[in-house]
Amino acid sequence: MTTVLNASPQRFVNTPAVQRVAQRALRYLQSGFSVHLRGAAGVGKTTLAMHLADLLNQPIILLFGDDEFKTSDLIGNQLGYTRKKVVDNFIHSVVKVEDELRQHWVDARLTLACKEGFTLVYDEFNRSHPEVNNVLLSVLEERLLVLPTNQHRAEYIRVHPQFRAILTSNPQEYCGVHATQDALMDRVITIDMPPPDELTQQEIVIQKTGIDSEKADKIVRLVRMFWSRSGSGQGGGLRSCLMIARICHEHEISVNFEEPNFQDICADILLTRTNQPRMEATRLLEEVLRELYHSTNTQSQSAEEIIPDNQNQIVLEQRVPYEHEVYNYLCKSPGRRFSDLAAELGIDRSQIVAALKSLREQGVLLQMQGNTELPNISQVAFDSGHLINK
Ligand SMILES: Nc1ncnc2c1ncn2[C@@H]1O[C@H](COP(=O)(O)OP(=O)(O)OP(=O)(O)O)[C@@H](O)[C@H]1O
């Protein structure tokens with residue numbers, strides 16, 4: 001039996017970075033193309049694929065690539081028998097029996113999607129052998145699905161105009177992944193998905209675990225720092241952030257860099273995710289924990305008052321929404337924390353961050369990096385969720 005999903009991915013996090021990718025992919029799909037999302041493990045390919053499928057507003061057929069797949073697992077097969085037995089005993093001494101066995105065809109998921117115009121999400125499609133996926137070539141180009149020869153049904157199915165395929169794949173160097181055929185790649189639009197940026201990771205962690213923004217910020221910074229120093233891969237460690245956050249939240253473990261329980265959880269989750277020898281990985285994690293502990297303490301000693309430079313008349317070019325509102329608010333209300341801004345201005349956190357980023361780029365705000373103060377252009381600094389007086 002084929003299950004058709006009417007999935008509505010709940011709590012999809014749509015930060016500006018995610019939105020940019022999603023918008024591009026949606027445009028391609030709306031113009032009739034199929035899309036391939038390629039990227040390292042855990043960057044959010046499957047979640048985005050389901051979100052896009054949901055936006056297309058058609059039922060969804062979900063398929064997971066598998067090394068054991070045969071073409072019949074995609075298109076269907078002759079399954080079972082229909083048996084017809086006719087017993088004719090009109091004259092009771094003469095019995096005539098006709099026995100006929102006939103196989104009947106059962107559509108598999110690709111065929112169903114092509115016939116009905118559903119959206120096919122083919123997750124990690126390159127875990128199936130390339131020759132199995134050959135059937136997709138004519139589906140995507142000629143919009144014809146070719147079925148095995150059979151006298152009882154048509155051998156070609158015209159693909160429904162609303163049929164779309166969204167493929168996802170991991171890089172070819174991953175274990176259990178096959179090379180992708182050029183012909184298939186030539187028929188889809190491939191988007192290389194980067195690891196989620198810091199804001200996206202924070203928002204996902206907050207949404208999915210219910211942890212508060214300050215703790216999410218600490219966990220994400222720790223994982224990203226460890227990830228980049230240990231060369232743990234290209235994924236950015238989103239799944240590790242989610243695991244640490246969920247465990248800390250559910251077991252009320254304090255998210256502090258010097259807290260032994262927190263350190264143990266981080267070690268259990270992070271140390272096995274790097275190719276570094278265990279001792280080296282442990283040393284790196286201790287170094288990261290120590291640095292973050294010191295930088296947090298130094299920051300908390302800084303005053304959180306904001307005295308913006310409103311003696312100079314700054315003419316701001318509004319490049320992103322709410323830039324003026326955020327800047328004016330900072331001028332009028334010194335001493336506000338980043339999290340207060342979202343609540344008090346009634347603006348989404350991601351929009352606040354986009355506005356702050358743009359203000360920084362225009363030289364109106366400064367970003368502090370750890371303990372290093374940049375040359376004084378203005379008196380407002382922003383670092384990791386806090387607006388700080390310099
Ligand atoms: N935009 C998003 N909104 C909400 N949650 C997300 C988002 N992106 C990713 N996630 C969460 O991050 C985790 C990893 O995402 P996902 O499974 O989509 O990654 P993936 O790239 O498909 O990974 P893999 O290649 O290992 O299958 C999941 O728990 C998912 O729910």
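Every number for a ligand or one of its atoms is a count from 1 in the order of the listing.
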Completion exercise
One finds that the ligand 1 atoms under 4.0 Å from a non-hydrogen atom of Glu124 are 24 (P), 25 (O), 27 (O)

Exercise for the section: Just jot down the ligand 1 atoms closer than 4.0 angstrom to any heavy atom of Lys208, in number order. Expected result: 5 (N), 29 (O), 30 (C), 31 (O)

Problem - Close approach of Asn170 to ligand 1, heavy atoms, under 4.0 angstrom - result: yes

Exercise for the section: Please verify whether a non-hydrogen atom of Gly39 lies at under 4.0 Å from ligand 1. Expected result: no

Looking at ligand 1, does any of its N/O atoms fall within less than 3.5 Å of an N/O of [X]?
{"X": "Asp123", "answer": "no"}
{"X": "Val13", "answer": "yes"}
{"X": "Val18", "answer": "no"}
{"X": "Leu242", "answer": "no"}
{"X": "Ala41", "answer": "no"}

Relative to [atom], which among [options] owns the nearest non-hydrogen atom?
{"atom": "atom 6 (C) of ligand 1", "options": "Leu238, Leu48, Val205, Ile204", "answer": "Ile204"}
{"atom": "atom 9 (C) of ligand 1", "options": "Ser169, Ala22, Gly44", "answer": "Gly44"}
{"atom": "atom 17 (O) of ligand 1", "options": "Arg239, Lys45, Met50", "answer": "Arg239"}

Exercise for the section: State plainly whether the residues Glu291 and Arg229 are in salt-bridge range, i.e. N to O under 4.0 Å. Expected result: yes

Handout entry: Given Thr119, Thr111, Leu120, the one that forms side-chain contact (heavy atoms from CB on, under 4.5 Å) with Ile61
Key = Leu120

Practice task
Assess whether atom CZ of Arg158 is packed by more than 12 heavy atoms of other residues, nucleotides or ligands within 6.0 Å.
Solution key: no

Exercise for the section: Please report the C-alpha distance between Gln181 and Asn134 in whole Å, then the side-chain angles of each, then the deciding distance to 0.1 Å, and finally whether the side-chain hydrogen bond (donor to acceptor under 3.5 Å, both in side chains) criterion is met. Expected result: CA-CA 9 Å; Gln181 46 302 40; Asn134 279 347; 3.0 Å; yes

